[in-house]
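Both ligands and their constituent atoms are indexed starting at 1 by order of listing.
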Amino acid sequence: MYQNILLQQEQGIAHITINREAKLNALNILTLQEIKQAVEAANKDQSIRGIILTGAGSKAFAAGADISEFVNFSTTEAHKMSSDGHAVMNSIEQSSIPVIAAVNGFALGGGCELAMACHMRIASENAKFGQPEVNLGLPPGYAGTQRLIQLIGKGKATQMLLTAETIGANVAHEYGLVNEVVPLEDLIPRCIDIINTIASKSPMAIADVITCINAYFETGKNGFDTEINAFANAFGSKDFKEGTEAFLTKRKANFER
Ligand code: COA
């Protein structure tokens, strides 16, 4: 069904692997569309509680948008490429189930932007991050200028975006670009652990929290009001009934998606 990604479903987790290892998992348009489709399909599948996104091999998560594909694009084609890419990133960010980027090597340009659209980033020790687009005569096109500021602040983001310098996993951790750094062999197991922890919580509340976090960054939205409404709407939900009843009767809550 998919040409450029591998999709495996194991124990309630959808594993999406960008599968263009020979091209360092460069993100051509089809690959991005397939990631979007897989994320949307996982959201509709009641048996899936989280998504882990990674790159094939041990060298790259994704080394950017596919330069050979866009090199001859017109302004009109580039506009569509960028706006479609933004839509892919937004679909990941707005996923109601958690999406974790397991960054296993280069995350450059579009690769860094893709990782930043995920809800969390866990990096292997060999991971490298950067926005090298200015080397190509371009600004980033998949929201790198925006999400990098959101994650690491204006000063450090400006330095990375203007110098095109690549940073290693430990600096990325110090900057707050990644949540944790682990040995490569522990990367997927650690992501699975995190998703399993989240999977034991109320899926409705998890989706609400993601919506509220996103509202903080959305122009025209008031995150405080979003939270008040989400809190109020949770009352009367099956998850609220289960969670509070389990607490009061001293048993473990059993939430279903
Ligand atoms: N788009 C298209 N192809 C890419 C690519 C990209 N973003 N990144 C890597 N590749 C391809 C290379 O062209 C090469 O293909 P080939 O074997 O057919 O020649 C293959 O992947 C391996 O890459 P290579 O450059 O030989 O590996 P390296 O270890 O010497 O260098 C990088 C690794 C990441 C430093 C280097 O590939 C690079 O700078 N990539 C582009 C990064 C970038 O500018 N990204 C932003 C794009 S907007």
Side-chain angles (χ1 to χ4, degrees), residues 2-6 16-36 53-93 101-118 121-152 156-172 175 177-178 181 184 187:
Y2 295 113
Q3 285 178 43
N4 293 342
I5 63 168
L6 299 173
I16 301 174
T17 305
I18 306 160
N19 194 29
R20 303 186 73 218
E21 193 177 346
K23 296 287 175 190
L24 301 187
N25 301 318
L27 299 165
N28 60 8
I29 287 166
L30 179 63
T31 305
L32 284 175
Q33 289 308 319
E34 288 187 351
I35 292 170
K36 182 167 184 275
L53 177 60
T54 196
S58 56
K59 191 169 169 188
F61 173 75
D66 190 322
I67 300 167
S68 60
E69 184 179 57
F70 69 64
V71 63
N72 291 317
F73 274 8
S74 65
T75 303
T76 310
E77 287 169 319
H79 192 281
K80 180 167 167 39
M81 173 190 165
S82 184
S83 61
D84 288 353
H86 275 242
V88 174
M89 304 304 155
N90 291 342
S91 76
I92 294 170
E93 191 168 68
V103 183
N104 56 321
F106 288 112
L108 302 178
C112 188
E113 290 165 309
L114 182 65
M116 290 194 291
C118 296
R121 284 146 296 285
I122 307 298
S124 58
E125 288 159 341
N126 66 327
K128 289 193 171 61
F129 297 81
Q131 296 287 159
E133 288 89 342
V134 292
N135 289 329
L136 301 169
L138 290 171
Y142 293 153
T145 58
Q146 305 303 297
R147 289 198 177 90
L148 197 57
I149 294 173
Q150 292 172 354
L151 283 164
I152 70 174
K156 291 193 288 285
T158 304
Q159 187 174 352
M160 280 184 72
L161 290 159
L162 299 189
T163 64
E165 275 168 12
T166 296
I167 57 170
N170 288 328
V171 174
Y175 281 9
L177 183 53
V178 301
V181 180
L184 185 59
L187 182 62

When distances are taken from atom 1 (N) of ligand 1, the protein heavy atom at minimum range is Ile67 N, 3.0 Å

The protein heavy atom nearest to atom 5 (C) of ligand 1 is Ala26 CB, 4.0 Å

Please tell me if the side chains of Val134 and Leu161 come closer than 4.5 Å, counting only heavy atoms from C-beta onward.
-> no

Return the minimal non-hydrogen interatomic distance between Leu187 and Ile122, and the atom names on each side.
-> CD1-O, 3.5 Å

Val88 and Ser91 have their tightest heavy-atom pair at O-OG, 2.8 Å

Under 4.0 Å to a heavy atom of Pro132 - the qualifying atoms of ligand 1, by number = 43 (C), 44 (O), 45 (N), 46 (C)

Is there a protein heavy atom less than 4.0 Å away from atom 48 (S) of ligand 1?
-> yes

Heavy-atom closest pair (Ile152 atom, Tyr175 atom, distance to 0.1 Å) is CG2-O, 3.5 Å

State whether any protein heavy atom lies less than 4.0 Å from atom 26 (O) of ligand 1.
-> no

Output yes when a side-chain donor or acceptor of Thr166 lies under 3.5 Å from a complementary backbone atom of Lys128, and no otherwise.
-> no

Quick one: which ligand 1 atoms are inside 4.0 Å of a heavy atom on Asp66?
-> 1 (N), 2 (C)

Below 4.0 Å from any atom of ligand 1, is there a heavy atom belonging to Ala22?
-> yes

What are the two closest heavy atoms between Ala169 and Glu125, and how far apart are they?
-> CB-O, 3.8 Å

Applying a 4.0 Å heavy-atom criterion (strictly less than), which segment of Leu138 is in contact with ligand 1: side chain, backbone, both, or neither?
-> neither

Measure from atom 30 (O) of ligand 1 to the protein's non-hydrogen atoms and state whether any distance is below 4.0 Å.
-> no

Check: Ala63 N/O within less than 3.5 Å of ligand 1 N/O | yes

Considering all protein heavy atoms, does one lie under 4.0 Å from atom 20 (C) of ligand 1?
-> yes

Which ligand 1 atoms are under 4.0 Å away from a heavy-atom of Leu108?
-> 34 (C), 42 (C)

Specify whether the nearest protein heavy atom to atom 39 (O) of ligand 1 is under 4.0 angstrom away.
-> no

Is it the side chain, the backbone, both or neither of Lys59 that has a heavy atom closer than 4.0 Å to ligand 1?
-> side chain

For atom 35 (C) of ligand 1, what's the nearest protein heavy atom and its distance?
-> Phe106 CZ, 4.2 Å

Hey, is CG on Asn72 packed in by over 12 heavy atoms from elsewhere, all under 6.0 Å?
-> no

Measuring to protein heavy atoms, does anything land under 4.0 Å from atom 13 (O) of ligand 1?
-> no

N or O pair under 3.5 Å between Phe70 and ligand 1 | no

Looking only at protein heavy atoms, which one is nearest to atom 36 (C) of ligand 1, and how far off is it?
-> Leu24 CD1, 4.6 Å

For ligand 1, find out whether one of its N or O atoms is nearer than 3.5 Å to an N or O atom of Lys23.
-> yes

Minimal non-hydrogen separation, Asn90 against Arg147, with atom names = OD1-NH2, 3.0 Å

Can you name the closest pair of heavy atoms from Ala127 and Ala123 and give their distance?
-> CB-CB, 3.9 Å

Quick check: does any side chain N or O of Glu113 sit under 3.5 Å from a backbone N or O of Tyr142, one acting as donor and the other as acceptor?
-> yes

Is there a protein heavy atom less than 4.0 Å away from atom 8 (N) of ligand 1?
-> yes

Please examine the side chains of Met89 and Gln146, heavy atoms only from C-beta on, and report whether any two atoms are closer than 4.5 Å.
-> no

Ser124 and Asn126 side chains, donor-acceptor separation under 3.5 Å = yes

